[in-house]
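One structure is given below, encoded as structure tokens.
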Number of protein chains: 2
Amino acid sequence: MFTIAQAARRAGCPASTIRYYERVRLLPSARRGTNDYRYYEVADIERLAFVNRARQLGFSIDAVADLLRLADHPHSPCDGVDTLIATQLHSVEKRIRQLQTLAARLRQLQSACDGEHPIRECGILAALSDTRWNEA
Amino acid sequence: MFTIAQAARRAGCPASTIRYYERVRLLPSARRGTNDYRYYEVADIERLAFVNRARQLGFSIDAVADLLRLADHPHSPCDGVDTLIATQLHSVEKRIRQLQTLAARLRQLQSACDGEHPIRECGILAALSDTRWNEA
DNA sequence: TCTTGACTTTGAAGTTACTTCAAGGTTGAT
DNA sequence: ATCAACCTTGAAGTAACTTCAAAGTCAAGA
Ligand SMILES: [Zn+2]
Ligand SMILES: [Zn+2]
Ligand SMILES: [Zn+2]
Ligand SMILES: [Zn+2]
């Protein structure tokens, strides 16, 4: 039996996050003591840790809820799980490509200035102010 | 002289965004007609386009405000601009590295399952449920 | 026993950068 | 006159939390 702070330490997240997960029904309502404190068993903490691992993989709260539902039906086929992972991987890969485009543009901007001029002659601001920006 | 929708079309963002930028003081209050409509000049629209380009580069609202302040002082040295660009580039590169780690983990998870088993035997959920996760 | 500090509770508001909505006024064309 | 397409405002919704205030609880030391 653990208090919320102990559960938080074991699962590796703040206590406020546990309360939040309960509020949005990602986790079931915790058992309460006579003092109204929440108390957790090892199994509860494992479920919480599962949630944290999935969140660290970038899954949304809704997707984590899907994963939990799937994990709760051991006899169903697992293709739903595989689909969730694949979808998440695609979205991460897409975001990486977007950010790489961004980084390339920022490096291009950087090369437009050596940092030794008055702003009026700065190639960076000139580029940012250029109406033909989108052609580049 | 352009209405807000015309300015939005020219600058390439929704009208609601222009109102928002005005509300948070990223842009000065627009001139108003007797009907209380906002009206914009070409210079206003260029400033708005500058903002949109900077936002597309991933700069926060605050950073864009910094860029605008710098652009408004043509006689100052431009090293402040260069610093902002470098900082933004670093944060984009950092985010890319984080996402690449994520993608690698997701691919590793994917390889733990061929999608043809009942969930009880799914390597993905087994990995997500594994307390030794962090060692991997 | 008393006190102190660390813990717990709740609901509400703050965060980021917008978007969406409701309710109502204006414009321009047919 | 009427109609669509504008415009106005303030408030609320979005994602996933975090922070805060006010108040109750617990354990340990003096
Ligand atoms: Zn320069
Ligand atoms: Zn420069
Ligand atoms: Zn499998
Ligand atoms: Zn599987």
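Every chain is numbered from 1, with letters handed out A, B, ... down the list of sequences.
- Remark: B:Gln56 pairs with no residue by the side-chain hydrogen bond (donor to acceptor under 3.5 Å, both in side chains) rule, at least two apart or across chains.
- Across all non-hydrogen atoms, the minimal contact from B:Ala7 to B:Phe2 is N-CB, 4.2 Å.
- Distance, B:Ile4 CD1 to D:dC6 C1': 11 Å, rounded to whole Å.
- The main-chain N or O of B:Ile85 is never found under 3.5 Å from a side-chain atom of A:Gln110 such that the two would form a donor-acceptor pair.
- Using a distance-only test at 3.5 Å, with no hydrogens or angles considered, a donor-acceptor pair links the side chain of B:Asn52 to the main chain of B:Ala11.
- One finds no side-chain N or O of A:Arg38 lying less than 4.0 angstrom from the OP1 or OP2 phosphate oxygen of C:dT8.
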- Task: Test side chain to side chain contact (heavy atoms under 4.5 Å, CB included) on B:Tyr21 and B:Arg55 and set out the steps.
- Result: CA-CA 12 Å; B:Tyr21 286 162; B:Arg55 290 286 303 129; 3.5 Å; yes
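- The salt bridge (charged side-chain N to carboxylate O under 4.0 Å, His left out) pairs that include a residue from residues 1-10 of chain B number zero, where partners must be two or more places apart or lie in different chains.
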Please enumerate all protein N or O atoms sitting under 3.5 Å from an N or O of nucleotides 28-30 of chain C, with distances to 0.1 Å.
none

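- The closest side-chain heavy-atom distance from A:Leu109 to B:Leu57 is below 4.5 Å.
- Counting heavy atoms from C-beta on, the side chains of A:Trp133 and A:Leu128 come closer than 4.5 Å.
- In this structure a side-chain-to-backbone donor-acceptor pair under 3.5 Å is missing from B:Ser129 to B:Ala126.
- The side chain of B:Ala5 has D:dC6 as its nearest neighbour among D:dC6, C:dT8, C:dT9.
- Shown here are the side-chain hydrogen bond (donor to acceptor under 3.5 Å, both in side chains) partners of A:Tyr39, two or more places apart in sequence or in another chain: A:Asn35.
- Rounded to whole angstrom, the span from the CE atom of A:Met1 across to the P atom of C:dC7 amounts to 19 Å.
- Pairs passing the side-chain hydrogen bond (donor to acceptor under 3.5 Å, both in side chains) check and including a residue from residues 23-32 of chain A, sequence neighbours excluded, read A:Arg31-A:Glu41.
- Less than 4.0 Å separates DNA chain D from no heavy atom of any residue of residues 45-57 of chain B.
- Here the side chain of B:Thr17 pairs no donor or acceptor atom with the backbone of B:Cys13 at under 3.5 angstrom.
- Of the residues in residues 59-71 of chain A, those placing a heavy atom less than 4.0 Å from an atom of DNA chain D are A:Ser60, A:Ile61, in numerical order.
- Atom-to-atom, CD of B:Gln6 to C1' of D:dA5 comes out at 12 Å; the value is rounded to the nearest Å.
- Shown for residues 9-28 of chain A: residues whose heavy atoms fall under 4.0 angstrom of DNA chain C, namely A:Arg19.
- For B:Arg53, there are no salt bridge (charged side-chain N to carboxylate O under 4.0 Å, His left out) partners at least two apart in sequence or on another chain.
- Within the structure, side-chain hydrogen bond (donor to acceptor under 3.5 Å, both in side chains) contacts touching residues 60-77 of chain B (residues at least two apart or in different chains) are A:Arg120-B:His75, B:Arg47-B:Asp72, B:Asp66-B:Arg69.
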Which atoms of nucleotides 22-26 of chain D (N or O only) lie under 3.5 Å from a protein N or O atom, and what are those distances?
| residue | atom | partner | partner atom | Å |
| --- | --- | --- | --- | --- |
| D:dG24 | N2 | A:Tyr37 | OH | 2.9 |
| D:dT25 | O4' | A:Tyr37 | OH | 3.3 |
| D:dC26 | OP1 | A:Asn35 | ND2 | 2.9 |

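- Annotation: side-chain hydrogen bond (donor to acceptor under 3.5 Å, both in side chains) contacts of B:Asp36 (sequence neighbours excluded): none.
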